[in-house]
Amino acid sequence: MKVAALLATRATRAHRKAWTAVFAALTLTSLLLGAFGLTLVSAWSAHPRVERYAGADLVVAGDQTTRFSAASLGERETVSAGLTERVRIPRTALTVVRGVPGVRAAVADVEFPVGLAGSAATGSATGSATGSATGSATGRPWEAARLAPYALRTGRAPQRADEVVVAGGGGPERGGADRVGQRLTLRVGGHDMAYTVVGVADGPRTAVWFTGAEARRLSGHPEALDAIGVVAESGTGAGELAGRVRKALDTAGVTDVGHRADGDPATVRVLTGDDRGEAEFLAAAPARGELLAALGSVAGAVVLVSLLVVSSTIVQALRQRSHELGLLRAVGATPGQLRAAVGREVGRVAVWAALVGAAGAAPAYLGLRALLDARGALPTGLELTLLPPLWLTPLVTAAVTVLVAQVAALIGGARTATARPAEALRERAPGRGRGITGLVLLGVGASAAGTAALQRGATAAAAAGAAAVTMVIACAVLGPWIAEGAMRLLGAPLRLFGPGGRLAAANCAASAHRLGAAITPIVLVTAFAGVQLSGGATLTHAGDAQARQVLRADLAVHADGGLPAGAVERIREVPGVRAATEIVPGTVLLARSQLGAPELERLPVFGVTPERLTSTLDPGPRSGDLTRLRPGTVAVGADRADSLGVRPGSTVTLRFGDGQEARLRVVATYQRSIALGDFLLSRDDLLRHTSMPAASGAGRVLVTTAPDADRKAVTNALARAVPGARVEPDPAPVRGEAAEQALAEVVSVAVVGAVGGFTVIAVLSTLALIATGRRPELRLLRLAGAGRGQLRRMLRLEAAATVVTGLVVGAAVASVPLLAFSTATTGTLPYLPPAQAAVIVSVVVATAAAGSLPPVWGTLRGRYPR
C-alpha cells in the first residue's frame, strides 16, 4: 500500500495538466447528475398548491384518477393516469358529510366560467360612467369563500340572485368592478345578465362570488358538486375526521357522477393536508406524472452519456502514460500495485471534482426550475418541493461519480497492469473482442430503431433515443476501425495540401487508435443533440404544415363566458357566410395493451359541428363521411385507425377527460391527424365531459366567407349577430397540442444544453490531452526538418479530418433512429432547423480547433523546438 500511495502521489504531481481535463469532466458529471437528481426528487415530492381550500380541514371531491388493467407476462398489471377535467360528486354527498360527528361545517363548492361582457356605473360615489370592458373570470358560491378563507374588505355578502361580490384590486380590465354599487353585465353560458356589486373581498382578481342558489343554477349541473370543503369541530383531528367521513360515504354508497369503465372504481376521495390542492388544480397531478416521465426518459441517456464521456477522458489520460506504466511493470511493479496506484490517483482527483460539482448542482437545479416557470411548462398550482433531506441528493450523485471514475480507471489500466513485463512497453492493437462488442451494440441500436418505426408517440421517441445512445457507444468501441476507414477515404484529399497534408495523412493513418478517441465525443455531441432536437422539431414542422393545410376559414368568432345558444345558426344566416363550424379542444384517454403491457395514452382531440365541416376545415378525408359526425360517433386519424384496426362502421372505446368511458362508432377516417389529433368528436359529446360544460368559450366558431363577399362587411355583421363576441380577421391555424408538449420541449432544451456543454468540454479535454501527448512527436519532426508552417497545416488538417469524420458519423448515427421515428409518426423525413444545425457544426469546429492547436503552440514557437 505504501508503494501504491507513493506512485499515486508522484504521478499526480507529474501529470497535473492531464488530470486537469479529467477534473473538468468529473466536475461537470457530478453537477449534471446532481441537478437532474434534484429535479427528479423534487418532481417526486411535488404537490398542488392549496389556496381556495386552505381554511378547510379536509376536502371531499371526485376521483381524478383513471385506471386500466391488463394481463402482462401472466400477471395482472394496472396503470393509472390523472384526469384533467372535473370529476363531480352527487349533491347527496353534502347531506352525508354534514351528518358525520365532528363536522362543524360542510360547504358545497362549484365553479363555472364568467365573461365580463361590460359594465355601467350606477350609484357610484363619483357618479361617472364607466365604459365597457371584456375579460374572463371564475364564478363560485359566496359560501365557499370561507374555505380559503377570503374575507370581505367592504360591503356585504350577496343575498339576492342579482348580487355579486368581486375580488379587490380590480384594474381597468375589470372596468373598476371593485366598487360597491357598480352594475356589471356578466356572461355565463352564453347569456348576458346584469348584477350589482354589493361587496369587495380578498382573493384572486378573476373571482366573482354569487349566492349559493344562483351559483348552482349557473353551473349547469344543479345536482352535482365540484367539491365539499369540511371544517372540523374544535378538538377533532383532520385524520380522525377523514376516517369518519370516508366510512360514512362508503356506507351511503356515494360514488362519482358518471359511468366509469370496468375495473376503474368511481370512489369519492377524502383529501387532507397537501392533497387538498388536487381538488383545486386539476392539471397539477397529471403534470407531475408527465414531468417524472419526461425526466425519466432522458435520465438513462444522461447517465450513459456521462459514463461514456468520463470513461473516455480517464482512459485517454491513462493511455498517454501507457509507456510509463509499462516501464513500471517491466521493472517489477506487480499488477496489484499498478491498479492500486492508478485507483488512488484517480480517486484523489474524482473526490474533489465530485464535491465541486455537487456544490454547483443546486444552482443548476434552480436554473432549470426558472426555465420551466419562464416557458410555462408547468401548470398553475404545481409546486416542486424539496424536503431538507432531499437537498443531500447531490452528495449521492457525487458518490456515483467517484464510483464511475474508479471503474473507468480500472478499465483504462487493465491491459497494462495484467500484461507480462516483457510486453508491457509494446503498443497493442485493439482486440477481436472489442470489435465483436461494437458490432453487437450496433445491432442492438438498429433493433431499437426498428422498434421506433413500429411504435407511435412517446414509445417511438424513447426507442429512438435508446437507439441513438446505443449506437454512439458502439461507435466509441469501434473508434479505431472507424478512424482507420475514414483515413483511407480522407488520405488522398489530405495529400493534396502539400507536405503538411502528407504529414497529416501519415499521422492519421498511423494513429487510428488516438484519432478514434478524439472522434468519439464529437460523434456523441452530434448524435445526441441531433436526436433530441430533431425529434421534437420534426413533429412541430409536420404539425405546422398540416395546420396550415387544414384551415380554410377566413374569420373566427369567440366570446368569453361562452357564445349564446343558437350562435352558430345565427352566424350561418349572416349574408356572405358560406359555412361556420364550432370547434372545441379537449383530451381523451385511450386504454389498450402495448407489447403486452397496459397503457393509458392521453391524446388531444377536437369536438366539432359537422355541418359543411370541410368548407372551414380540411382534415383530408380518407374514408367514410365526416358530415355524419353526431353524438356517439367519432372520426379517427388514418394512422391511428390502422394501428387499432378500425374502419367506418367499427367501434372505438375512449375515456373522456373526466374518466367516463364511451363506445363510439367510427364514421370516417382522415389523414391530417398531427394537426387535428387522432380523434374528431361531436362538439356536444366533448362539452358534456369538460370541467365547465356550459362554456363553449374555450372554443371558437370558424367562418368561411363566400368568394364574392365583402369581408369587412361580414365582420361587422357577425359582431351585430353575436353581441359581445370578438371576430378575428386572421384566425390562427387549428392545431391540437399535447398538454405535455411544452414540458417536453423545455426538458429537451435543458438536456441538450447540459449534455451538449458537457460533451463539448469532453471534446476539448480529449483533444487537449492528445495534443499535449504529441509534444515529443512534434519536437522530433522539427528536429527532422519540418517547418513550423508545415506542422501548423498538419495540425489544422488533422483537426479538420477529425471534425469531418465525427460530424459525418454522428449524423449517420442520428439519422437511423430519426428516420424510423419520423416515418412512424409523421411519414416525412427528419427535420432540423438550419439555425440549430449550424450551431452544432460551429460549436464542434470551434471546440476541435481550441483543443487541437493551443496546447502545442509553445512547441511550435521559436526557431528551435522546446
Side-chain angles (χ1 to χ4, degrees), residues 60-90 92-93 96 221 223-225 246-247 249-271 278-279 282 285-286 289 293 456-459 586-605 607 630-634 636 640-641 643-647 649-667 678-679 681-682 684-691 693:
V60 178
D63 188 357
Q64 294 290 150
T65 302
T66 185
R67 303 162 188 83
F68 174 60
S69 300
S72 177
L73 300 177
E75 297 183 358
R76 197 74 176 171
E77 185 178 344
T78 301
V79 295
S80 61
L83 299 171
T84 55
E85 303 291 350
R86 174 73 64 183
V87 177
R88 297 186 174 88
I89 58 178
T92 54
V96 175
H221 46 86
E223 299 304 319
L225 302 174
R246 174 80 274 163
K247 183 178 180 180
L249 291 170
D250 291 341
T251 302
V254 177
T255 61
D256 295 338
V257 172
H259 172 70
R260 291 284 193 109
D262 294 338
D264 185 17
T267 304
V268 174
R269 299 179 302 166
V270 181
L271 307 173
E278 294 181 17
L282 303 183
R456 291 176 56 85
T459 305
T587 59
V588 298
L589 292 103
L590 178 64
R592 61 171 180 163
S593 295
Q594 186 80 354
L595 300 177
E599 181 181 275
L600 279 168
E601 186 176 3
R602 192 189 315 277
L603 301 168
V605 296
R630 298 289 187 275
T633 65
V634 66
V636 186
R640 180 68 67 176
S643 67
L644 296 178
V646 299
R647 60 181 184 276
S650 305
T651 59
V652 173
T653 301
L654 297 176
R655 301 185 186 190
F656 288 98
D658 61 354
Q660 298 189 37
E661 187 180 63
R663 289 178 61 84
L664 306 173
R665 182 171 55 86
V666 179
V667 296
D678 287 330
F679 299 98
L681 298 99
S682 164
D684 296 334
D685 254 357
L686 191 60
L687 281 177
R688 278 196 291 268
H689 299 280
T690 59
S691 296

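Computed from a predicted structure; not experimentally measured.
No donor-acceptor pair closer than 3.5 Å links the side chain of Asp63 to the backbone N or O of Ala266. Of the possible polar contacts, none joining the Arg592 side chain to the Glu601 backbone as a donor-acceptor pair under 3.5 Å is found. Arg647 contributes no side-chain N or O that, together with a main-chain N or O of Val666, makes up a donor-acceptor pair within less than 3.5 Å. Proximity of a side-chain donor or acceptor of Gln64 to a complementary backbone N or O of Val87 within less than 3.5 Å is detected. For the pair Arg269 (side chain) and Gly62 (backbone), a donor-acceptor distance under 3.5 Å is present.
Closest non-hydrogen pair, Gly657 versus Leu83, comes out as O-CB, 3.3 Å. Residues Arg655 and Ala261 share a closest heavy-atom pair of NH2-CB, 3.5 Å. The nearest pair of heavy atoms linking Gly607 to Leu686 is N-CD2, 3.4 Å. Of all the heavy atoms in Pro286 and Arg602, the pair that sits closest is CB-NH2, 3.6 Å.
Looking only at side-chain heavy atoms (C-beta outward), Thr587 and Leu603 stay at 4.5 Å or farther from each other. Residues Val257 and His221 are not in side-chain contact: their nearest non-hydrogen atoms beyond the backbone lie 4.5 Å or more apart. By the 4.5 Å heavy-atom criterion applied to side chains, Ser682 and Arg630 are not counted as neighbours. Looking only at side-chain heavy atoms (C-beta outward), Phe68 and Asp264 stay at 4.5 Å or farther from each other. Between Val652 and Phe679, the closest side-chain pair of non-hydrogen atoms falls below 4.5 Å. In this structure, the side chains of Val254 and Pro90 come closer than 4.5 Å at one or more pairs of heavy atoms. Within the 4.5 Å cutoff, the side chain of Val634 has heavy atoms near those of the Leu681 side chain.
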Report the C-alpha separation of Glu661 and Leu589 in whole Å, then their side-chain angles, then the decisive distance to 0.1 Å, and conclude whether the side chain to side chain contact (heavy atoms under 4.5 Å, CB included) test is met. CA-CA 9 Å; Glu661 187 180 63; Leu589 292 103; over 6 Å; no

Evaluate the side chain to side chain contact (heavy atoms under 4.5 Å, CB included) criterion for residues Ile89 and Asp256: first the C-alpha distance (whole Å), next the side-chain angles of each, then the deciding distance (0.1 Å), finally the verdict. CA-CA 5 Å; Ile89 58 178; Asp256 295 338; 4.0 Å; yes

Begin from the C-alpha positions of Leu590 and Leu654 and carry the test side chain to side chain contact (heavy atoms under 4.5 Å, CB included) through to its verdict. CA-CA 5 Å; Leu590 178 64; Leu654 297 176; 3.8 Å; yes

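When each of Arg86, Arg260, His689 is checked for a side-chain hydrogen bond (donor to acceptor under 3.5 Å, both in side chains) with Asp658, only His689 meets the rule. Residue Arg688 forms a side-chain hydrogen bond (donor to acceptor under 3.5 Å, both in side chains) with just one option from Asp684, Thr690, Asp685, and that option is Asp685.
With no hydrogens or angles considered, a side-chain donor-acceptor pair links Arg663 and Thr651 at under 3.5 Å.
If you take CZ on Arg246 and OG1 on Thr251, they are separated by 10.0 Å, rounding to the nearest 0.5 Å.
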